[in-house]
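Below is one structure, written out as structure tokens, with a few remarks after it.
Side-chain atoms are counted along with the backbone in the values below, which use heavy atoms only and exclude waters and symmetry mates.
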Amino acid sequence: MIDDLKKLFLRFNYTDEKGFILNVPSLNNGEHLTLGFDNKRKEFNIHFTNENINEPGAKRREFIFAMSAFRFFLFLKRFEVFYNQSIVNLILSSKTNLGKLKKHKLIINTFTDSVDSEEKIIYQKRKGKGRPWKFRENFDWNLIADNFKYLEESDLNSDEVLIAYKYNKGHLSLQGFIYKFEHLKGVYFIPIRRYNRFAKNMAIAMYNYLDAYPTEETLPFRQLMFERLKHPYLNKQEEKSLQS
């Protein structure tokens, strides 16, 4: 598993002439997903690239989304207003206190929550316009395993986000996110189920917007979103546990 993680990389390239592309590995071998903006066509697009196809003239890219710059930034502006209002409501409705968090024996990781953890784990292979990021080959993964601890008051620093876990019967599971905002004078905890439901609602809002202004260029992306969103978030067993 560790070797697979080390192979993970992201590549970002930008030029004034062509625009930018951001490559992300997909789950399929030899295939990556690309988010890009074409400066010449003034168009934002998303496509898959199959690196296993090497024949001259063969189609390697499968576009699933394309939208003009004007429409794309208009969408971002409208979606930003809805997102900001929704995330504020989510946080303000999640106020708690240290006693409740300690009662549930929540665990944090002091290494992964530190400001320099990303620099210690990931390095940029090349400086300049193209920046692939990869896991450091010599990174000591015990630094993560050895820095789990039960949550204490001293861990709650102002305007920081902590990732909360729980250890039960030999399994470590993600529980949610802890926030402390100085200007709000309180501690807030968003359980992972609520956060997942929030993320799904944002995806549904995005799909509804794109479906309200349908184009042929966004059809594959809308179809992909629909397939991912049509399944219920909770199964029957989870629904019963929440109601009990």
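Every residue two or more places apart in sequence or in another chain that forms a side-chain contact (heavy atoms from CB on, under 4.5 Å) with Leu76 is listed here: Phe72, Phe73. Applying the ring pair (Phe, Tyr, Trp, His ring centres under 6.0 Å) rule to Tyr207 yields no partners; only residues at least two apart in sequence or on another chain are considered. By the side-chain contact (heavy atoms from CB on, under 4.5 Å) test, Tyr167 pairs with Ile107, Leu172, sequence neighbours left out. With sequence neighbours excluded, no residue satisfies salt bridge (charged side-chain N to carboxylate O under 4.0 Å, His left out) with Asp146. By the side-chain hydrogen bond (donor to acceptor under 3.5 Å, both in side chains) test, Asn54 pairs with no residue at all, sequence neighbours left out. Residues that satisfy the side-chain hydrogen bond (donor to acceptor under 3.5 Å, both in side chains) test with Thr34, not counting sequence neighbours, are Asn23, His32. Scanning for side-chain contact (heavy atoms from CB on, under 4.5 Å) contacts around Lys166 gives His104, Ser173, Gln175, with sequence neighbours left out. Every residue two or more places apart in sequence or in another chain that forms a side-chain contact (heavy atoms from CB on, under 4.5 Å) with Asn157 is listed here: Glu160. Asp211 meets the side-chain hydrogen bond (donor to acceptor under 3.5 Å, both in side chains) test with Arg222; sequence neighbours excluded.
Hydrophobic clustering keeps Tyr213 apart from Leu219 (ILVMFWY residues linked when any side-chain heavy atoms are closer than 4.5 Å, directly or through intermediates). Linking Ile, Leu, Val, Met, Phe, Trp and Tyr whenever their side-chain heavy atoms come within less than 4.5 Å puts Ile46 and Phe70 in one cluster. Under the 4.5 Å side-chain contact rule for hydrophobic residues, Ile91 and Val88 share a cluster.
The distance between the ring centers of Phe198 and Tyr83 falls below 6.0 angstrom.
The OG atom of Ser93 sits 7.5 Å away from atom CD1 of Ile190, with the distance rounded to the nearest 0.5 Å. Of the inter-residue distances, the one linking Ile87 atom CD1 with Met202 atom CE reads 8.0 Å to the nearest 0.5 angstrom. Here CG of Asn201 is found 8.0 Å from CZ of Arg197. Values are rounded to the nearest 0.5 Å. Between the OG1 atom of Thr110 and the CD1 atom of Ile144 there is a distance of 11.0 Å, given to the nearest 0.5 Å. Between Phe20 atom CZ and Leu35 atom CG the span is 7.0 Å, to the nearest 0.5 Å. To the nearest 0.5 Å, the span separating CG on Leu174 from CG on Asn196 amounts to 8.5 Å.
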Distance-only criterion, 3.5 Å: show the donor-acceptor pairs between side-chain atoms of residues 60-69 and protein atoms not counting sequence neighbours.
residue, atom, partner, partner atom, Å
Arg60, NE, Asn50, O, 3.4
Arg60, NE, Ile53, O, 3.2
Ser68, OG, Arg71, N, 3.4

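The aromatic rings of Phe177 and Tyr179 are tilted relative to each other, their planes meeting at an angle between 30° and 60°. Tyr165 and Phe148 have perpendicular rings, their planes meeting at more than 60° on a 0 to 90° scale where under 30° would count as parallel.
A heavy-atom distance below 4.5 Å is found between the side chains of Leu156 and Ile178. Put simply, the side chain of Asn147 reaches to within 4.5 Å of the side chain of Asn109, judged on heavy atoms. You'll find the side chain of Leu151 reaches within 4.5 Å of the side chain of Leu162, heavy atoms only.
Legend: salt bridge (charged side-chain N to carboxylate O under 4.0 Å, His left out) pairs involving residues 40-49, not counting sequence neighbours, sorted by first then second residue: Glu17-Lys40, Arg41-Glu43. Each salt bridge (charged side-chain N to carboxylate O under 4.0 Å, His left out) pair with one or both residues in residues 80-106, not counting sequence neighbours, appears once here: Lys102-Glu152.
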